[in-house]
Amino acid sequence: MENKRRNIRRNEILSLIITLIIIVLVNIIGSFVYTRFDLTSEKRYTLSDKSKEILGGLDDYVYFRVYLEGDFPAGFKKLRKETKEMLDEFRAYSKFVDYEFINPSESDDPNERQETYKILYQNGLNYYTATMPTNNGVQQIMVWPGVMVSYREKELAVDLLSAQSGQSQETILNNSSQDLEYKLISAIKEISETSKAKVAFVEGHGELADIEVYDIAKSLAKKYSIDRVSIDGKMNSLTYRDYDKDSSVVVRTNYDAIVIAKPTEAFSEKDKFIIDQYIMYGGKVLWLLDHVKADMDSLQSAESMMGVTLNNNLDDQLFEYGVKLNNNLLLAYPCAQIGLVTGQGANIQSALLPWYYFPLLNAASQHPIVRNLEAVKADFTGSLEPTTSAPEIQKIPLLKTSDYTKISSAPVYISLKILNDRPDPRMFPQKGQVTAYLLNGKFTSLYENRLPEAIVESNEIAFRNESVPTSMIVVADGDIVRNQLAQLDYAKKNNKRVGSPLPLGYDQYTNNTYGNKHFVENAVSYLVDGEGLISINARELKIRMLDMNKVNKNQTTWQVVNVVLPSVIMVLFGFVLAYIRKKKYNK
C-alpha cells in the first residue's frame, strides 16, 4: 500500500515537471516564432500583406495621439476599442509603433478646453456632435474622432470618422471601423516616406483649369508630388532618355501617372505619340474624357441646347488600347437634382428637380477601386464598351448607371422641359451602362507598323511597339474630377469668397456630398501603388446588429431564456449531482 502511494506521488511530481518543461519550451519557441490566429469570418484582426510590409520597413518611431478618451456613446466607445486593437496589431509587427489616448475635454476650465479644441482644429482635426442619454434626458457632447501621427519632425492629422451626409450614426461608425487599417497604415506610409511618387495633370488641349481641379490636386498632394505638364510636341515632356554603361539608350518615365482631365481640343499626332510611348514604357494614365459637348452654362440663357460630338482625336488610340467611347449621352434615374426657378415678381419659387443628365454612378464590379464606394455624380456622361482589338488586355468595369437608363445618340437635343417629367420606368428602357473601365496588361502601340523605318530604328526616339505590364483607367466623363466654385448665394451664407473652389463631390445647390473624390483618389492610388493599399480600403466588416422588431416581439421569451432557464438548469444539475453522490456512497 505504501509503495502504491509512493508511486502515485512520484508520477504526479513527474507529470508536474513535464508540464512545466513544456510550458517553458512553448514560451521559448514563441519568442522566436510569431503566430496569431484570427477566427473571425471576415478576418477582422488580420493585417494585409501590404500593411505588414510597411510596418516592417519602419526605422524610427511613429507615435499616435488618439483623441478618443472620455465618456462617449456606445458607438464611439466601440470605435475607440477597435482603434486600440488595430494599433496593438501594428505594434505586434513593429517595435517602432507607440500610442496614447487623450481626452481633449478633460480640463474643468472651459477656456482651457476651448483652447485645446482650437489647437486640434488648426492641426486639421474635426469634431463630431454626438447625442448621449443622461438622467435628465439627452446631452450633446463634442467628440474629436481623430489622430495626430508624429514621425521625426513631421506631423499628420488623420480623421477616423468616415462620414457621409444622410447616413445614420451606426453606419458612419461601422464604415469608420472598416477604414481603420487603411487610414492608419496610409498615414504611416505617407509620413515615413522620404520621396513622393510624381503625378501630373496634362494641359494644352483645353483641359480643366487649375481652380477646377484644385480640391483633388490638394488632396493628392498629401501623398504625391503634383505637377502640371504641357506636352507641346516635346519628347522629353513625359519620358527622358538615359544611357547605360554600354552607351545603349534607356527610356524612363518622368511621372508615375498622368491625369488627362476633360480636354476640349484635338490632340496632335505628335502629342498622341508621346503619350503612347509613355504608356509603352510603363506610364499610367487616368483618362477623363467627354465625347459629347454639353454643359449647364449653355442652359443659363436658353431653355434648350444641342449636345454635339466633341472631337479630341483620341478615339483610335483608346480603341487600340481596348475601349471605345460611344458617341452618346446617358439619362438615368436615380440622378442628381438641379434648382428650377418658376414664377415672376413676388411669386418666384424655386424647387429641386431630378436632372436625368446627371446620373448617379455605382460600382460595376467588386474591384477594390469601387468596392464600398458611395454614389458618384456624373455630368453629361456617355457610355464605354470594350473592343476586340486588344483581347489580351484585362478590361474591368468600374462604374455604371442604374438599370433605369436611356441612351441618346449624338447630336442630342437637351431641354429643361424634361424637368417636368416625373420618373417613369418606361422613360428608361436600357439597363445599366458602363461609364468607366480599368485596363491592365501589355498594350500594343497605336503606331506599330505605321512609322517610317528611320524613326523605328532611331536610338534617340527608342520606339517601343509593346508596353511593359501597366494600367490605365478610362472614364467617359471629364467632369467627375471637377470641383464646383462657390456661387454668390452659397458664398454669402457660408462666408466664402465668390469663385472659391469647393470640395470635390460636394454639391452646393443640394448640400449633398457624392463619392467623386473617393473614386479619383482610389483610381490614382491604384495606378501609382498597385492594388496593395487599395485592397485594404475595400475590406468589408459586417455590422451585426440586433433585429429590434424581433427583440420587441419576443422580449418575454428571451428574458425567460436568459434569466430563468440558466437557474433551472443549475438546480437540476445540483439534484442530479446529489443523487449520484448519494448512490455512490450508499454502496
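Reckoned from all heavy atoms, side chains included, excluding hydrogens, waters and symmetry mates. Because the structure is a prediction, the values reported are computed rather than measured.
For the pair Gln317/Ile275, a side-chain contact is recorded, criterion being any heavy-atom separation below 4.5 Å from C-beta on. Contact annotation: the side chain of Leu318 approaches that of Trp287 to within less than 4.5 Å [non-hydrogen atoms, C-beta and beyond]. Side-chain atoms of Asp477 and Thr435, non-hydrogen and from C-beta on, never get closer than 4.5 Å to each other. Contact of the Val528 side chain with the Lys198 side chain is not registered, since no non-hydrogen atoms from C-beta on lie closer than 4.5 Å. Residues Ile414 and Ser304 are not in side-chain contact: their nearest non-hydrogen atoms beyond the backbone lie 4.5 Å or more apart. The side-chain heavy atoms of Val524 and Leu220, taken from C-beta on, include a pair separated by under 4.5 Å. The shortest side-chain heavy-atom distance between Glu385 and Val434 does not fall under the 4.5 Å cut-off. A 4.5 Å side-chain heavy-atom check between Val370 and Asn522 finds every atom pair outside the cut-off.
Residues passing the ring-ring contact (aromatic ring centres under 6.0 Å, His included) test with Phe443, sequence neighbours excluded: Tyr321. Scored by the side chain to side chain contact (heavy atoms under 4.5 Å, CB included) test, Asp227 finds Ala200, Tyr255 as partners (sequence neighbours excluded). With sequence neighbours left out, Lys50 forms a salt bridge (charged side-chain N to carboxylate O under 4.0 Å, His left out) with Glu53. Here Tyr278 pairs with nothing under the ring-ring contact (aromatic ring centres under 6.0 Å, His included) rule; sequence neighbours left out. Shown here are the salt bridge (charged side-chain N to carboxylate O under 4.0 Å, His left out) partners of Glu265, two or more places apart in sequence or in another chain: there are none. In this structure, the ring-ring contact (aromatic ring centres under 6.0 Å, His included) partners of Tyr447, at least two apart in sequence or on a different chain, are Phe273. Evaluation of the ring-ring contact (aromatic ring centres under 6.0 Å, His included) rule for Phe428 yields Tyr356 as partners, not counting sequence neighbours. Not counting sequence neighbours, Arg450 has no partner by the side chain to side chain donor-acceptor pair (under 3.5 Å) test. Contacts of Asp49 classified as salt bridge (charged side-chain N to carboxylate O under 4.0 Å, His left out), with partners at least two apart in sequence or in another chain: none. Scored by the salt bridge (charged side-chain N to carboxylate O under 4.0 Å, His left out) test, Lys262 finds Asp290, Asp479 as partners (sequence neighbours excluded).
The salt bridge (Lys or Arg N to Asp or Glu O under 4.0 Å) pairs that include a residue from residues 456-470 number zero, where partners must be two or more places apart or lie in different chains. Every pair passing salt bridge (Lys or Arg N to Asp or Glu O under 4.0 Å) that includes a residue from residues 272-287 is listed here, sequence neighbours excluded: Glu269-Lys272, Lys272-Asp316.
The number of heavy atoms from other shown groups lying within 6.0 Å of NZ (Lys293) does not exceed 12. Atom NZ of Lys154 sits in a crowded spot, with more than 12 heavy atoms from other residues, nucleotides or ligands closer than 6.0 Å. Heavy atoms from other residues, nucleotides or ligands lying under 6.0 Å from NZ of Lys492 number 12 at most.
Interatomic distance, Ser51 OG to Ile188 CD1, rounded to the nearest 0.5 Å: 8.0 Å. For the atom pair CG (Leu360) and OG1 (Thr401), the distance works out to 10.5 Å, reported to the nearest 0.5 Å. Met280 contributes atom CE, which lies 8.5 Å from atom CG of Leu446 (distance to the nearest 0.5 angstrom). Interatomic distance, Leu329 CG to Ser383 OG, rounded to the nearest 0.5 Å: 9.5 Å. Within the model, atoms CD1 of Ile396 and CG of Leu438 stand 4.5 Å from one another, a figure rounded to the nearest 0.5 Å. Annotation: the span from Tyr357 atom OH to Ser408 atom OG amounts to 5.5 Å, rounded to 0.5 Å.
The closest side-chain donor-acceptor pair between Thr470 and Ser467, if any, does not fall under 3.5 angstrom. Between the side chains of His291 and Asn312, not a single donor N or O lies within less than 3.5 Å of an accepting N or O. Inspection of the Ser445 and Asn465 side chains reveals no N or O donor paired with an N or O acceptor under 3.5 Å. Looking at Glu303 and Ser415, their side chains never bring a donor and an acceptor atom within 3.5 Å of each other. For the residue pair Asn254 and Thr239, no side-chain donor N or O sits within less than 3.5 Å of a side-chain acceptor on the partner. For the residue pair Asp507 and Gln484, a side-chain donor N or O sits within less than 3.5 Å of a side-chain acceptor on the partner.
Salt-bridge formation is detected for the pair Lys189/Glu193: a Lys NZ or Arg NE/NH1/NH2 atom is positioned less than 4.0 Å from an Asp or Glu carboxylate oxygen. The pair Asp242-Arg252 meets the salt-bridge criterion, since a charged nitrogen lies less than 4.0 angstrom from a carboxylate oxygen.
Across every non-hydrogen atom of Val474 and Leu384, the tightest pair is O-CD1, 3.4 Å. For the pair Ala363 and Lys400, the tightest heavy-atom approach, listed with the atom from each and the gap, is O-CE, 4.0 Å. Pairing each heavy atom of Met296 with each of Ile338, the nearest pair is CE-CD1, 3.9 Å. Nearest approach of Lys222 to Glu190, heavy atoms of both residues: O-OE2, 2.7 Å. Of all heavy-atom pairs between Pro354 and Tyr333, the closest is CB-CE1, 4.2 Å. The shortest non-hydrogen separation linking Gly515 to Glu374 is CA-OE1, 3.4 Å.
Asp295 places a side-chain N or O within donor-acceptor distance of the main-chain N or O of Ser298, the cut-off being under 3.5 Å. In terms of modelled atom types and a separation under 3.5 Å, the side chain of Lys234 and the main chain of Ile274 share no donor-acceptor contact. At least one donor-acceptor pair closer than 3.5 Å links the side chain of Asn483 to the backbone N or O of Ile211.
Taking the ring axis of Tyr490 as reference, the NZ or CZ atom of Lys496 does not stay both within 45° of it and closer than 6.0 Å to the ring centre.
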Is there a side chain to side chain donor-acceptor pair (under 3.5 Å) between Asn440 and Tyr526 once you walk through the steps?
CA-CA 11 Å; Asn440 288 323; Tyr526 179 87; 3.2 Å; yes

Apply side chain to side chain donor-acceptor pair (under 3.5 Å) to Ser237 and Asp232, showing your working.
CA-CA 8 Å; Ser237 57; Asp232 198 24; over 6 Å; no

Using the rule given for side-chain contact (heavy atoms from CB on, under 4.5 Å), can you reason through Leu398 versus Val475, listing the C-alpha separation, both sets of side-chain angles and the distance that settles it, and then say yes or no?
CA-CA 9 Å; Leu398 296 179; Val475 184; over 6 Å; no

With side-chain contact (heavy atoms from CB on, under 4.5 Å) as the criterion, how do Ile231 and Leu238 come out once you've worked through the C-alpha distance, each side chain's angles and the decisive distance to 0.1 Å?
CA-CA 7 Å; Ile231 300 174; Leu238 300 181; 4.2 Å; yes

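Put simply, the residue from Asn511, Thr513, Asn516 that forms a side chain to side chain donor-acceptor pair (under 3.5 Å) with Tyr506 is Asn511.
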